[in-house]
Number of protein chains: 2
Amino acid sequence: MESVKPQMDLGNIRDLFADIVGTRHVMGGDEIEPRYKSDLMGFYESKPDLLVRPGSTAEVAAVLRVCYDRTVPVSPIGGNSGLVGGTSCIGGVSMALDRMAKVEQVDWANMTMLVEAGVLLQSVQEQAGAHGAIFPVDFGARGSATIGGMIATNAGGNKVLRYGMMRDSVLGIEAVLADGTIVSGLRSTLKDNAGYDWKHLLIGSEGTLGIVTRAMLRLRPAASGMRTALLAVRDVAAATHILRTLEAKTVGGLVSFELMWADYYEQAIDARRVAGAPPLRTGYPLYAIVEIEADADDGGEDRFLAMLGSFMEEGLSADIIIASSERERAAIWEIRENIGEAMAAKRPFLGFDISVGLAQLAAFVSDVRRRLCTAVPEAEAFFYGHAGDGNLHIIVTGYRDDEAMARSIESHVYAVVADFKGSISAEHGIGLHKMPFLGQTRSREEIQLMRRLKLVMDPSNILNPGKVLGEP
Amino acid sequence: MESVKPQMDLGNIRDLFADIVGTRHVMGGDEIEPRYKSDLMGFYESKPDLLVRPGSTAEVAAVLRVCYDRTVPVSPIGGNSGLVGGTSCIGGVSMALDRMAKVEQVDWANMTMLVEAGVLLQSVQEQAGAHGAIFPVDFGARGSATIGGMIATNAGGNKVLRYGMMRDSVLGIEAVLADGTIVSGLRSTLKDNAGYDWKHLLIGSEGTLGIVTRAMLRLRPAASGMRTALLAVRDVAAATHILRTLEAKTVGGLVSFELMWADYYEQAIDARRVAGAPPLRTGYPLYAIVEIEADADDGGEDRFLAMLGSFMEEGLSADIIIASSERERAAIWEIRENIGEAMAAKRPFLGFDISVGLAQLAAFVSDVRRRLCTAVPEAEAFFYGHAGDGNLHIIVTGYRDDEAMARSIESHVYAVVADFKGSISAEHGIGLHKMPFLGQTRSREEIQLMRRLKLVMDPSNILNPGKVLGEP
């Protein structure tokens, strides 16, 4: 990684920042608390010369004007729970949005919530839930991820099948551009075709085109009922058939369809924090978590049971357990949610977040296995993910722990992703980590277009430099 | 409107075009068929010096390179069924995509369809339907609108409540930029966070940032059952309550929630093409069309009836009719769909397509009425629309037929939209027609940002000039 450290003395800037945000919200070098200097998983260190914590959009804008005038890099920090080094600062200024964590307004009639960027996902979910609504973007790191970070990365998660990605739950944003201009589009209308929808360009741009300061979120009505099951599934073809049947039969109610391959499931059962027998025994080739939202009074329980029964009769599934309580539901989800983190603690460790067409999943998995087996026979690969969206996570461990080996494994996996015309990042973003591989699934023309957009939005490359597109 | 006619002789260009697309696909002046020189509603004339009809992406690119080198304006034409003059050419070249109308590939396992930009919406719907799938974007002009035009305008329609706008059903696009560069992102993955999602910038940009040539569409499973009802509703507050109840109880199944105010309903009944009694008598204050997708075997008919019954018991609705056949369903939808066109034949005529927060609908309608009543007492205004999305259409007739009066009425209506922080265009786009009003609901900073994006994507302003942002 090249250093982007500016060739300048930041001393004066500290005073300027202090005038804007107050002395105690500017820290330098060793004063900066550790939580700002590493991501939550400990993958990426951050070495900011200064940390600044603005308390309002106006303060963000004033800080950016200072940085713009002096060409000082600024890397924004949300919850620091990203997985690709998107908040890592390699010199210059880190800007933490954690003081901007207010829910400013909830409009129950319009089902909207106006929030500051630093608010936690969990707070948003809780405040929505207090009134019978939900904010439908959800994933394991809900207690640390912030709305701003989720917008910056277009976060996905467990409910994309029904509710879409983060961009589908954001009606409007307010952002500060590189030169300090505040652009505000905090509308609460569901439809707005008046001119270019610039919000969608910023969503998913990982802080490289602007810093999101506030957002108008779209809430949804909470369903009164939830049906959750864990299925032992014959193979990917059977899983696909089950998925399509559930999609058609539940008419919009299917929220989650997660797949876990046998060896992932085994590891996950071993790593569980709760005691007792696993929900389903190990040894089946494939496991699926299925979750359906429904009206509790719709009398559909029996139909759900019958549908699952038919999957067993047709030989698609060998065993099924249905959660009959919130505790049983949590036990099923624990297998899927907590394990990623547990396994990520292993060293060496490589995590992937790729997507391919659903119908290609089986061939994709076997190609990756074959390729790794030939090239790095000692590596172990575990497959799981939001397969209903064609989104797989892969964890690779057991290989010789050095950088070159890690890069080589990544090259192998991403080459297979490219063969299948998939994406090297389904939901985690590019950050620093995947930047060298962007060209694997994006064409030269696409990357050129991205560079042109970056150049016009941030001509001096001060916004989160090095991320997504690397150095110009 | 300023002319954007280039100060140059196009004679040589005609030969260059002929070399690219073949002589018979280039027409000049009087040779150009009338259907290319006016939109379907007859609102906007188009006066191209040349019409060119490329047959492939490569031909589109070659044509654009010629135009780029000579700074000749190019206005793309899809189905010409837009309502804001988005395809009107004021000198220069019109490019019709109607030769590019192939469905190239349908992937049933992945539920995707690869199409050329000129394919008709109806063809896409029919080919999807032939295999038990649907393409969920739908509206009255399905027989003339093309996929390319729908992407250019981010089309909405009758099913946005469940399936979203056009951008939510487009997985990837291929487009040609101003300089002739082909940018291809025809992926079929549902999730792709690898770099900036440039597709979303082009979707809804009305041909001013690039010309879409192909698209990967997302299909959905067809629901086996459909429940449609027409309700006489007490007022907007009652309608909102009904909407929220249906959203929560049907858990994703609610597809359409259309409102029609009393005087619109009366006009619509008068203009019907079928004979016989109207589905519900006139004279109620408000009418709602409700449509729910469901599994035909879910036994939910009785629950639907009970739910509607409860609306009557609670005094929210005075009368309800449920469609018990496809014919009855069509009779209900005819009131909503065909009448807009019938009324648009009236002269003078002004159509609006605005959105405001759902909870503000009642106040908005009465403010518009009051304002028009004071300023233009002879004008009649009719309100209807996709109210579940906060999207209202307004038809204004009966005023003195001159341009100044029309602009004055628009100013009044858009001023109220601005008061309510709504949008002057929910789904029809800006085109030429609404361009002077863009600043009513978009801030100076937003428009500046749009101009910067336009400038970097199309520095010589050759792509559909005059639309959306006007002249630079």
Side-chain angles (χ1 to χ4, degrees), chain A residues 109-110 153-154 156 162 181-185 187-198 200-201 204-205 221 223 244 247-249 251-253 293-295 298 303 355-359 389-391 421-427 429-430 438 441-443 445-446 449-450 452-453 456 468, chain B residues 109-110 153-154 156 162 181-185 187-198 200-201 204-205 221 223 244 247-249 251-253 293-295 298 303 355-359 389-391 421-427 429-430 438 441-443 445-446 449-450 452-453 456 468:
Chain A
N110 281 321
T153 56
N154 187 30
R162 174 159 183 209
T181 303
I182 299 169
V183 190
S184 193
R187 276 166 291 271
S188 58
T189 48
L190 293 181
K191 292 161 96 173
D192 189 356
N193 274 351
Y196 309 155
D197 204 337
W198 58 270
H200 281 299
L201 182 61
S205 70
R244 296 297 183 217
E247 281 183 324
K249 286 286 188 184
V251 191
E293 289 181 353
D295 183 44
D298 71 354
R303 293 181 60 245
S355 66
V356 296
L358 178 67
D389 311 311
N391 181 184
K421 297 193 195 314
S423 171
I424 64 162
S425 181
E427 55 181 30
I430 296 297
L438 186 60
T441 58
R442 293 289 205 169
S443 67
E445 292 78 15
E446 287 185 284
L449 176 52
M450 292 179 203
R452 277 165 73 181
L453 293 169
V456 72
V468 186
Chain B
N110 282 321
T153 56
N154 186 30
R162 173 157 185 210
T181 303
I182 298 170
V183 190
S184 193
R187 276 167 290 270
S188 57
T189 49
L190 293 181
K191 292 160 95 172
D192 189 356
N193 274 351
Y196 309 154
D197 203 337
W198 58 271
H200 281 299
L201 181 60
S205 69
R244 296 298 183 216
E247 281 183 325
K249 287 285 187 183
V251 190
E293 288 182 353
D295 183 43
D298 70 355
R303 291 181 60 245
S355 66
V356 296
L358 178 66
D389 312 310
N391 181 185
K421 298 192 196 312
S423 170
I424 64 161
S425 180
E427 54 180 30
I430 297 296
L438 186 60
T441 58
R442 291 290 203 169
S443 67
E445 292 78 15
E446 286 185 284
L449 176 52
M450 292 179 204
R452 277 164 73 179
L453 293 169
V456 71
V468 186

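Within every chain, numbering begins at 1; the chains are lettered A, B, ... in the order of the sequence lines, protein sequences first and strands thereafter.
For A/Thr181, the part lying under 4.5 angstrom from a heavy atom of chain B is the side chain only. For B/Ser355, the parts lying under 4.5 angstrom from a heavy atom of chain A are both the backbone and the side chain. Of the two parts of B/Val183, the backbone and the side chain both hold a non-hydrogen atom closer than 4.5 Å to a non-hydrogen atom of chain A. Contacts between B/Ala248 and chain A at a heavy-atom distance below 4.5 Å involve backbone atoms as well as side-chain atoms. Interface remark: A/Leu358 contributes backbone and side-chain atoms alike to the contact with chain B (heavy atom separation under 4.5 Å). With a 4.5 angstrom heavy-atom cutoff, B/Leu449 touches chain A only via side-chain atoms. In this structure, chain A has heavy atoms under 4.5 Å from both the backbone and the side chain of B/Arg452.
In terms of heavy-atom pairs under 4.5 angstrom with chain B, the leader among A/Leu438, A/Leu453, A/Val356, A/Asp389 is A/Asp389. Top candidate by heavy-atom pairs under 4.5 Å with chain B, chosen from A/Ser205, A/Ala223, A/Ser188, is A/Ser205. Contact tally against chain A (heavy-atom pairs below 4.5 Å) for B/Gly390, B/Gly204, B/Gly156, B/Ala359: the top residue is B/Ala359. In terms of heavy-atom pairs under 4.5 Å with chain A, the best-connected choice from B/Ala194, B/Gly252, B/Gly253, B/Gly422 is B/Ala194. Each of A/Val456, A/Leu201, A/Thr441, A/Val468 has some count of heavy-atom pairs under 4.5 Å with chain B, and the biggest count is that of A/Val456.
Here CG of B/Asn193 is found 11.0 Å from CD1 of A/Ile424. Values are rounded to the nearest 0.5 Å. Considering OG1 of B/Thr189 and NZ of A/Lys421, their distance stands at 12.0 Å, rounded to 0.5 Å. Atom CG of B/Asp197 sits about 9.0 Å away from atom NE2 of A/His200, to the nearest 0.5 Å. Atom CG of A/Asn154 is separated from atom OH of B/Tyr196 by 14.0 Å, given to the nearest 0.5 angstrom. Note that OG of B/Ser184 is 7.0 Å distant from CD of A/Glu446, once rounded to the nearest 0.5 Å.
Closest approach of A/Ser423 and A/Ala426 over heavy atoms only: OG-N, 4.2 Å. Across every non-hydrogen atom of B/Lys249 and B/Arg303, the tightest pair is O-NH2, 4.0 Å.
Side chain of B/Arg442 to main chain of B/Met450: no donor-acceptor pair is present (N/O by atom type, distance under 3.5 Å, no hydrogens or angles).
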